[in-house]
Engineer: 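My structure is below; once you've seen it, I'll send some questions.
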Amino acid sequence: MTATRKGQLTASPCRFCRPGAWVEQDGITFSAAVPSEENVNLILYPRGKEEIAQEIPFPRQHYTGIVRTMKVEGISPGEYEYNFRIGDRVTVDPAAHVVRGRDVFGDAGPRGEHQVRGGFASEDFDWGEDQVPLAIPYEDVIAYHLHVRGFTKQKNSRVRHKGTFLGLQEKIPYLKELGINQVILMPAYEFDEIMRPAAPEDGPAGTPPLSSALQAPGEKLNFWGYTKGHYFAPKYSYSATKDPVREFKTMVRAFHENGIEVVMEFAFPDPVNAGMVNECLAWWVQEYHVDGFSLFMNQETANTLAGNPILMRTKLISGYFPADSIYQGKREHAMRSLAERNDCFLTTARKLLKGDENQLGDFVARVRYNPENAGVMNYITGHDGFTMMDLVSYDKKHNEANGEQGRDGAACDYSWNCGAEGPTRKRSVLKLRQRQMKNAFAMMLLAQGTPVLLAGDEIGNSQQGNNNPYCHDSELTWVDWSREKTAQDLTDFVRRLIAFRKEHRILHREKALTGGDSLSCGYPDFSCHGSRAWYGDFDYQNRHVGLMYNGSYAGEDTFIYVAYNFHWESRSLALPKLPEGMDWREEINTGDESCCQEPIREKEIEVPGRCIRILVGKKTLPEGKTNGRKNGNTPAVKEKAGSEAPKQEDRIKE
């Protein structure tokens, strides 16, 4: 029993339950993993201060593995913060639920050994009716990838609490109007954004050279946060109210009330403690109602997470999950909870967008790629690489501001500047860039799988050609909301395209498109067309193709025809004949011309260079007249013996 100014504290050994400090009715339980030969003490501080109020040794005789656990009674969680002293080192509890001392983002001032401290999350939170995850199927998700601070920090963001969880919550109406129903947050757990050089005894410095981001020798800013951190705590400096626990929960609840999922990104560098990762993700699901996680970690360890019962209705996104092997042919739950996140779609789409040869077949394969047991995240831009505007404005990276002599960042972004490097006043170049961005959005939003938009792409946000701005907390990395008015046409296009995708289930099915006529209706679910209907031409030099979707396979009485032309010259594509009583009408055109308002009854359409035209086949007969489903003279693609037309799967390059 030890006396303090606040009264008597009693410490006693107890059984290990879970990592961290847990507030209970009769005290607080602390757990510390330490080698048996080390002494470990609990250091208590008055809240908000670095002076030691109490230091209590953990009992040496009580272990669970190498974890020592004790309960301290008579302690008020609202009055104290804590650290551990292991041997002669003061360390923050890696499982602390709150971390204080990094209250100001980017503060590179000197730190004392007691400046960063653990805190307690003890108060209850009223979740109301938010008791189960939204569980939006991957095929119905429109994801939006953002940095909590960078999304609203810019002066024109029109939010009150800039750069915080609360500021992000203020942007919900904007995201909802755009059509977003999932946000993916770059690391929002507690991490040290000041990368400091390794100690001399540890060998060479573990950080890159100094850049203009900081002015202390050997230090560099980590704006992104893909690093080891205190994984159980929301980032304190992203909190406007200085109560990150309540503010994060309030934000999640508000997103859920508006039908938007919250997915968090976590980086777990090797060596990975699989038990800790399981505990961490379960903690965020149970305590913060998070809907999923995008994981940057050892894939073998990530695969084991799929077997955690607590996470089986939580989205897990990684480079590639061998879902068929994990489930061994049978999922234990109906929802596809796993998804792959890799650059396959990005690379193919970018190459074709700028007009590279021999990409058409691979692109069509990616457009229809839709695994049975896992989702697939399709993106063309991300935090690592060019923004959408920079993708069509720069041929090469411009990373000089990083202070690394341009050696950092990807060597090739498969980009094209449309005729001028960087900012320009040439109207022809600006017009082409606008069209190319629309083309890129259409490629992504018309593909099966889950489209992932990078925050700010819909308003033409630029990072001045920097494809690796991880060390900048400035206008360079903050979304530039001053572009909203000038980018209204692009934003409206993205909003309309998202609505079009949602309207037509055939564009986002749960199951893969087969290219066969399983309904025996005379039309397959998916078909490719070139200069001849029903025959997609994937020769090396071709950059144009027509893709037709039969809405009958999604309960719709419509057809959709997407005419892609990534050549710089106009190309003609054959139009399949529709059933009697239906006509093609143009719905969306990425070119400069307005959409054709009249029915299109020709056998082919002209697609201007670097343009995508989207047609919808609908009924046009007077009410009451029978609308037969006849093919006329158009050969149908059927999975029947003796069919004259080849199966589409034989025509598509896999």
Side-chain angles (χ1 to χ4, degrees), residues 364 367-368 442 446 448 497 500-509 513-537 544-565 571-591 593-608 611-640 643-649 651-652:
V364 173
V367 162
R368 64 192 292 231
L446 296 177
Q448 302 291 308
L497 198 56
F500 183 82
R501 175 187 174 90
K502 290 182 176 181
E503 180 183 355
H504 297 286
R505 167 62 63 180
I506 192 66
L507 297 176
H508 56 110
R509 295 210 323 165
L513 298 164
T514 67
D517 181 12
S518 60
L519 295 180
S520 298
C521 63
Y523 290 87
D525 56 6
F526 172 84
S527 52
C528 301
H529 309 268
S531 58
R532 290 193 300 159
W534 307 105
Y535 290 87
D537 190 349
H544 60 291
V545 68
L547 304 183
M548 188 172 79
Y549 301 82
N550 182 352
S552 299
Y553 291 83
E556 305 169 14
D557 194 15
T558 57
F559 288 81
I560 295 174
Y561 186 90
V562 185
Y564 294 96
N565 181 21
R571 290 290 184 267
S572 295
L573 285 168
L575 270 179
K577 186 175 181 180
L578 290 170
E580 183 182 344
M582 300 184 79
D583 284 317
W584 291 113
R585 292 181 182 270
E586 188 172 47
E587 291 278 335
I588 297 175
N589 187 326
T590 66
E593 304 81 4
S594 58
C595 290
C596 176
Q597 301 299 315
E598 298 299 321
I600 301 173
R601 297 190 173 98
E602 292 79 7
K603 293 182 179 181
E604 64 179 23
I605 59 168
E606 190 77 10
V607 187
C611 181
I612 299 173
R613 298 180 67 181
I614 304 173
L615 313 182
V616 176
K618 297 180 179 179
K619 292 180 180 179
T620 55
L621 286 181
E623 186 176 353
K625 191 169 182 179
T626 303
N627 186 2
R629 285 196 169 275
K630 297 180 180 179
N631 261 350
N633 296 322
T634 306
V637 180
K638 297 184 179 181
E639 294 185 307
K640 294 181 178 180
S643 174
E644 297 179 5
K647 295 180 181 179
Q648 286 298 320
E649 52 264 41
R651 300 291 301 166
I652 298 174

Engineer: Minimum heavy-atom separation for Leu497 and Ala442, please, with both atom names.
Structural biologist: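 Closest heavy-atom pair between Leu497 and Ala442: CD2-CA, 3.4 Å.
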Engineer: Could you go step by step and tell me if Ile506 and Leu513 meet the side chain to side chain contact (heavy atoms under 4.5 Å, CB included) rule?
Structural biologist: CA-CA 9 Å; Ile506 192 66; Leu513 298 164; 4.0 Å; yes
Engineer: Salt bridge or not between Arg613 and Glu586? Use side-chain N to carboxylate O under 4.0 Å.
Structural biologist: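 Here Arg613 pairs with Glu586 in a salt bridge, since their nearest N and O are under 4.0 Å apart.
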Engineer: Under a 3.5 Å distance rule, please check whether Glu604 uses its side chain to pair with a backbone N or O of Ser531 as donor and acceptor.
Structural biologist: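 No, because the side chain of Glu604 does not come within donor-acceptor range (under 3.5 Å) of the backbone of Ser531.
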Engineer: Arg585: what forms a salt bridge (Lys or Arg N to Asp or Glu O under 4.0 Å) with it, not counting sequence neighbours?
Structural biologist: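 Applying salt bridge (Lys or Arg N to Asp or Glu O under 4.0 Å) to Arg585 gives none.
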Engineer: Does a sphere of radius 6.0 Å around NZ in Lys618 hold more than 12 heavy atoms from other residues, nucleotides or ligands, not counting ones at 6.0 Å or beyond?
Structural biologist: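 Atom NZ in Lys618 is not packed in, count stays at 12 or less.
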Engineer: Who passes ring-ring contact (aromatic ring centres under 6.0 Å, His included) against His504, sequence neighbours left out?
Structural biologist: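 Residues passing ring-ring contact (aromatic ring centres under 6.0 Å, His included) with His504: Phe500.
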Engineer: Between Leu578 and Tyr561, is any pair of side-chain heavy atoms under 4.5 Å apart?
Structural biologist: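 The answer is no; the side chains never approach within 4.5 Å.
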Engineer: Between Asn550 and Leu519, does the side chain to side chain contact (heavy atoms under 4.5 Å, CB included) criterion hold? Intermediate values first, please.
Structural biologist: CA-CA 11 Å; Asn550 182 352; Leu519 295 180; 5.8 Å; no
Engineer: Would you say that Val367 contacts Leu446 through its side chain, given a criterion of any heavy-atom pair below 4.5 Å between the two side chains?
Structural biologist: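 No, too far: nothing below the 4.5 Å cut-off.
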Engineer: Distance check, rounded to the nearest 0.5 Å: Arg509 atom CZ versus Tyr553 atom OH?
Structural biologist: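 Going from CZ on Arg509 over to OH on Tyr553, the span is 9.0 Å.
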Engineer: Taking salt bridge (Lys or Arg N to Asp or Glu O under 4.0 Å) as the test, write out the residues that go with Arg501, two or more places apart.
Structural biologist: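 Once residues adjacent in sequence are excluded, Arg501 has no partner under the salt bridge (Lys or Arg N to Asp or Glu O under 4.0 Å) criterion.
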Engineer: Distance check, rounded to the nearest 0.5 Å: Glu606 atom CD versus Cys611 atom SG?
Structural biologist: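 Between Glu606 CD and Cys611 SG, I get 10.5 Å after rounding to 0.5 Å.
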Engineer: Nearest heavy-atom pair of Leu573 and His544: which atoms, and what distance?
Structural biologist: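 That would be CD2-CD2, 3.6 Å.
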Engineer: Look up atom CH2 in Trp584 and atom CG in Leu615, then write down how far apart they are to the nearest 0.5 Å.
Structural biologist: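 Going from the CH2 atom of Trp584 to the CG atom of Leu615 covers 6.5 Å.
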Engineer: Quick one: CZ on Arg601 to CG on Asp583, what's the gap to the nearest 0.5 Å?
Structural biologist: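 Interatomic distance, Arg601 CZ to Asp583 CG, rounded to 0.5 Å: 4.0 Å.
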Engineer: What are the two closest heavy atoms between Gly522 and Asp517, and how far apart are they?
Structural biologist: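 It is N-OD2, 2.8 Å.
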Engineer: If you take all heavy atoms of Asn565 and Val607, which pair is closest and at what distance?
Structural biologist: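 Taking every non-hydrogen atom into account, ND2-O, 3.1 Å.
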Engineer: Give me the atom names and distance for the closest heavy-atom approach of Ala533 to Ala574.
Structural biologist: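 So the minimum-distance heavy-atom pair works out to N-CB, 3.2 Å.
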Engineer: Taking all atoms of both residues into account, what is the closest heavy-atom pair of Pro524 and Gly515, and its distance?
Structural biologist: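 Scanning both residues, the minimum pair turns out to be CB-O, 3.5 Å.
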Engineer: Let me confirm one number: the CG-NE2 distance from Leu547 to His529, rounded to the nearest 0.5 Å.
Structural biologist: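 Rounded to the nearest 0.5 Å, the CG-NE2 separation comes out at 8.0 Å.
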Engineer: Quick check on side chain to side chain contact (heavy atoms under 4.5 Å, CB included): which of Asp525, Thr558, Ile560 does Tyr549 satisfy it with?
Structural biologist: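 Exactly one option meets the side chain to side chain contact (heavy atoms under 4.5 Å, CB included) with Tyr549, and it is Ile560.
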Engineer: Please report the interatomic distance CH2(Trp534) to CE(Met548), rounded to the nearest 0.5 Å.
Structural biologist: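 Answer for the CH2-CE pair, Trp534 versus Met548, is 3.5 Å.
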